[in-house]
Colleague: 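One structure is given below, represented as structure tokens, and several questions about it will come after.
Note: hydrogens, waters and symmetry copies are ignored here, and every other heavy atom, side chains too, is used.
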Number of protein chains: 2
Amino acid sequence: MSTIRDVAKEVGCSTATVSRALSHPEKVSKASLKRIHAAIEKLQYRPNMLSQQFRNKQANTIVILVPDIANLFFSTVISGIENVAQSKGFNVLLGDTRDSSEREKNFIKLVETKQADGVIQLRPYSKNSMLPKKFVTAVNACGCEDTPYPAVRIDNADAARQVTEHLISLGHKKIGLISGLTDNPHTIDRLKGYKQALAQAGIEFDPALVAEGDFTLWSGLNASEHFIRMTDRPTAIFSMNDEMAIGAMKGLKAKGLKIPEDISIAGFDDLEFSKYSDPPLTTVAQPAEKLGEKSAELLFQLIDGETSAQNEYVLPVEFIIRQSTAPPRS
Amino acid sequence: MSTIRDVAKEVGCSTATVSRALSHPEKVSKASLKRIHAAIEKLQYRPNMLSQQFRNKQANTIVILVPDIANLFFSTVISGIENVAQSKGFNVLLGDTRDSSEREKNFIKLVETKQADGVIQLRPYSKNSMLPKKFVTAVNACGCEDTPYPAVRIDNADAARQVTEHLISLGHKKIGLISGLTDNPHTIDRLKGYKQALAQAGIEFDPALVAEGDFTLWSGLNASEHFIRMTDRPTAIFSMNDEMAIGAMKGLKAKGLKIPEDISIAGFDDLEFSKYSDPPLTTVAQPAEKLGEKSAELLFQLIDGETSAQNEYVLPVEFIIRQSTAPPRS
DNA sequence: CTGTTAGCGCGTTCAT
DNA sequence: ATGAACGCGCTAACAG
């Protein structure tokens, strides 16, 4: 591999001029510029980024901590982040943490050792979270309430309340809930909204109507079986995400239940395929790509040392009524 | 942030000793080692990896080119790669290429500029592929036949032949095929195996029995509708991956067809949920994690300059018969 | 076992 | 507009 010196020698100028030609072309004469580019082409010169980064004390890289790269919602958030990062000339390192704090720690170490300039965490904050840490510029892209570091989020409780209110307004009184893991912050926030809506309507909360899932399709399917076995089955189900809702629909239909005639179901996230499910799913659209973009912008503000940065952004959601919800059989 | 010099000053030794304490502790006295570690702790010293990498001319990073990070098969291959990389102390950069060669090019540039030491490509090779390139150490983890650079793969044709032979041995003569995109190398290899099996059994290949999909669940569903509309419907279907098979099963069942009584179906990949599908899917298990591990090992051999490295590994598959295939109605 | 010295490739002064 | 010189933080070679 040729270095900047080889190019300088080829052109017959100093390395400083070559460097300038690349970083500040306006400070170099047209003539030199031309010859330098010719030499670069001829020698197949590629600046050694390791050297540049070392010199500039910036890796031009951010890390995204993703609990599950196969999750469609996360993929969309990642897209948003990548859009912004690319326009800033930053690389994006995807940290596939698989919900392991050990693996998370390793990725965070990349920032401590300067291999990356900042972190975007997609896992909502909880006590056992690695972040925040000293020396680590970080932002949460899928925040929950009371995240103790800069975060972008939606109002989960409010959104869950809207869904539940919708079901109540259709006339449902027994509303099943497919939750995420009990200690997941999003579960907690959304459960809060679910309870709020029930309370407002004077319906008592019934723990027997809650089936715990883990946000995967299969856990939704299992949850549906829980409801099917009940003697006094709910007439509607609110699933804390679309994947579980789709799993549940599969389970319910397999047992011969018609949706929404026999049982209504609503989800959360608005995945791409939720509008193609059978029937199309009533759900809450999270601005997933926007969450990614906003969090990336926020992170770059912090990296650039802008202290004025607001440290919480709550983005609006969109409640979408499709064909999976209807009034209960009278 | 403190540097190696601060630590040396604190301890009262030279920077070289501190450096050795970290990289070659056996060359440093116990006493010094102890004081150095104390100083590191006190000063919260973290070696600047940018500097190390620059000095060592190694980023200790490999890039995985992934066409679709939300694909379950790829996630598993990635796991395998990460296992090996971690044990080698390498970082893994996930290049989410979304099938865009523009994005692929950007990630490959990371190697050209030394920010990464090698590439593992998950997309099978085809003419328009960016790799191989000069100065870029690369390996393909999901190879097809005639990949022009080091690759790890399964024998796609042979596996497809096995599946088709199984269906033929059950007594099927009209065997539908749900293929991937026509120009996808895996489609080509698997189609070859399908045709071989038919030829061996003296069954003529009928293009009308081939429905083109794109490896997504939805394309499998669409394909099923194609078969349902046929007047002389196949009694069995071979789908080139499990996702399409599951989509097709959904479509067939929706039209009241029973699987396998009315129609048999076999897939390819053995996704985690294929054993839970209804009915459990007959399929070919790809050693996805092994493909990842083997390709990573191969890449590290190349990075370490081992020229003796074999440049193609064909890993065995496992054909798994479950309940989605049975003899045709007589 | 330890210190001294030199230099990796680049960008940025400060001269000219 | 250009060049000479320096140094970023670290490690390897050599000498002691």
Side-chain angles (χ1 to χ4, degrees), chain A residues 1-40 43-61 89 109-117 135, chain B residues 1-40 43-61 89 109-117 135:
Chain A
M1 267 318 247
S2 44
T3 74
I4 198 169
R5 262 190 288 272
D6 299 321
V7 178
K9 202 175 295 172
E10 173 76 19
V11 175
C13 68
S14 76
T15 60
T17 306
V18 179
S19 175
R20 273 191 287 257
L22 263 20
S23 311
H24 311 284
E26 74 281 2
K27 295 184 173 179
V28 175
S29 73
K30 295 274 183 209
S32 301
L33 222 51
K34 199 165 173 180
R35 282 157 53 221
I36 288 169
H37 280 123
I40 287 175
L43 299 177
Q44 282 282 304
Y45 167 67
R46 296 276 172 275
N48 180 335
M49 292 301 286
L50 290 183
S51 173
Q52 270 190 21
Q53 294 169 354
F54 167 54
R55 177 59 232 244
N56 300 335
K57 302 177 188 307
Q58 274 238 353
N60 268 259
T61 300
K109 207 178 287 170
L110 294 177
V111 182
E112 297 175 342
T113 59
K114 314 263 197 189
Q115 292 182 87
D117 307 308
F135 307 130
Chain B
M1 268 315 250
S2 44
T3 75
I4 199 169
R5 261 191 286 274
D6 300 321
V7 177
K9 201 176 295 172
E10 173 76 20
V11 175
C13 68
S14 76
T15 60
T17 307
V18 178
S19 173
R20 274 190 288 254
L22 264 19
S23 311
H24 311 285
E26 74 281 3
K27 296 185 172 178
V28 175
S29 73
K30 293 272 183 212
S32 301
L33 221 50
K34 201 164 170 182
R35 283 156 54 220
I36 288 169
H37 278 123
I40 286 176
L43 299 178
Q44 282 282 306
Y45 168 68
R46 295 277 172 275
N48 181 334
M49 294 300 287
L50 289 184
S51 172
Q52 271 190 22
Q53 294 170 353
F54 166 55
R55 178 59 232 239
N56 300 336
K57 300 177 189 306
Q58 273 237 354
N60 269 258
T61 300
K109 206 178 289 172
L110 293 177
V111 182
E112 297 175 344
T113 60
K114 313 263 197 191
Q115 291 182 88
D117 307 307
F135 306 130

Colleague: Grab the CG-P distance between A:N48 and D:dC10 for me, whole Å please.
Modeller: 18 Å
Colleague: Give the rounded distance in Å between these two atoms: CD1 of A:I36 and C1' of D:dA1.
Modeller: 11 Å
Colleague: Enter the distance from A:D6:CG to A:E10:CD here, rounded to the nearest 0.5 Å.
Modeller: 9.0 Å
Colleague: To the nearest angstrom, how far is B:Q52 atom CD from D:dG9 atom P?
Modeller: 13 Å
Colleague: Tell me whether the side-chain N/O atoms of B:H24 come closer than 4.0 Å to OP1 or OP2 in C:dC1.
Modeller: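 The answer is no; no side-chain N or O of B:H24 sits under 4.0 Å from OP1 or OP2.
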Colleague: What does A:K57 touch in the nucleic acid at a heavy-atom separation under 4.0 angstrom: a base, only the sugar-phosphate, or nothing?
Modeller: sugar-phosphate
Colleague: Whole-Å distance between D:dC8 P and B:R55 CZ?
Modeller: 16 Å
Colleague: Among D:dA12, C:dC10, D:dT2, which is the nearest nucleotide to the side chain of A:V28?
Modeller: D:dT2
Colleague: Counting only side-chain N and O atoms of B:S19, is one of them less than 4.0 Å from OP1 or OP2 of D:dT11?
Modeller: yes
Colleague: Please report, rounded to the nearest Å, how far the C1' atom of D:dG9 is from the CG atom of A:L50.
Modeller: 14 Å
Colleague: More 5' along DNA chain C: B:S51 or B:S14, using each one's nearest nucleotide?
Modeller: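 Its nearest nucleotide being more 5', the pick is B:S14.
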Colleague: Would you give the length of the straight line joining atom OG1 of A:T17 to atom CG of A:L22, rounded to the nearest 0.5 angstrom?
Modeller: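 Answer rounded to 0.5 Å: 11.5 Å.
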Colleague: Hey, is the main chain of A:R20 close enough, under 3.5 Å, to the side chain of A:H24 for a donor-acceptor pair?
Modeller: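 Here the side-chain-to-backbone pair does not exist.
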Colleague: Of A:M1, A:M49, A:R46, which meets side-chain contact (heavy atoms from CB on, under 4.5 Å) against B:K114?
Modeller: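 The side-chain contact (heavy atoms from CB on, under 4.5 Å) with B:K114 is passed solely by A:M1 among A:M1, A:M49, A:R46.
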Colleague: Expressed as a whole number of angstroms, how long is the span from A:N56:CG to D:dG9:P?
Modeller: 13 Å
Colleague: If you measure from CG on B:N48 to CD on A:E112, what distance do you get to the nearest 0.5 Å?
Modeller: 12.5 Å
Colleague: If you compare every side-chain N and O of B:S29 against the phosphate oxygens of C:dC1 (OP1, OP2), does one of them come in below 4.0 Å?
Modeller: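 No, outside the criterion.
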Colleague: Find the distance B:Q53:CD to C:dC8:C1' and express it as a whole number of Å.
Modeller: 14 Å
Colleague: Of the listed nucleotides (D:dT11, C:dG9, D:dC10), which one gets closest to any side-chain atom of B:T3?
Modeller: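 Among the listed nucleotides, the one closest to the side chain of B:T3 is D:dC10.
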Colleague: Can you tell me how far apart OG1 (A:T61) and CG (B:L50) are? Round to the nearest 0.5 Å.
Modeller: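 Here the rounded value is 8.5 Å.
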Colleague: Can you tell me if the side-chain N/O atoms of A:S32 get under 4.0 Å from OP1 or OP2 in D:dT2?
Modeller: yes
Colleague: Let me check I have this right: for DNA chain C, each base becomes ., (, ), [, ] or |, based on Watson-Crick or G-U pairs with both distances under 3.5 Å. What is the full string?
Modeller: ||||||||||||||||
Colleague: Please assess B:Q53 against A:Q115 for the test side-chain hydrogen bond (donor to acceptor under 3.5 Å, both in side chains), listing each intermediate value before the final yes or no.
Modeller: CA-CA 9 Å; B:Q53 294 170 353; A:Q115 292 182 87; 2.5 Å; yes
Colleague: For B:A16 and B:F54, find the nucleotide of DNA chain D closest to each by heavy atoms; which residue's nucleotide sits nearer the 5' end?
Modeller: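 Per heavy-atom nearest nucleotide, the more 5' residue is B:F54.
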Colleague: Between B:K114 (NZ) and C:dC10 (C1'), how many Å, whole number?
Modeller: 14 Å
Colleague: Calculate, to the nearest 0.5 Å, the distance between atoms OG and CG belonging to B:S2 and B:L43 respectively.
Modeller: 5.0 Å
Colleague: Among C:dG11, C:dG3, D:dG9, which nucleotide sits nearest the side chain of B:I4?
Modeller: D:dG9
Colleague: Are B:I4 and B:P47 close enough that some pair of their side-chain heavy atoms sits under 4.5 Å apart?
Modeller: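 The answer is no; the side chains never approach within 4.5 Å.
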Colleague: Under 4.0 Å between a side-chain N/O of A:Y45 and OP1 or OP2 of C:dG9, yes or no?
Modeller: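 Answer is no, no contact under 4.0 Å.
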Colleague: Measure the spacing between NZ of B:K27 and OG of B:S19 and express it to the nearest 0.5 Å.
Modeller: 10.5 Å
Colleague: Where do N or O atoms of nucleotides 14-16 of chain C meet protein N or O atoms at under 3.5 Å, pair by pair?
Modeller:
none

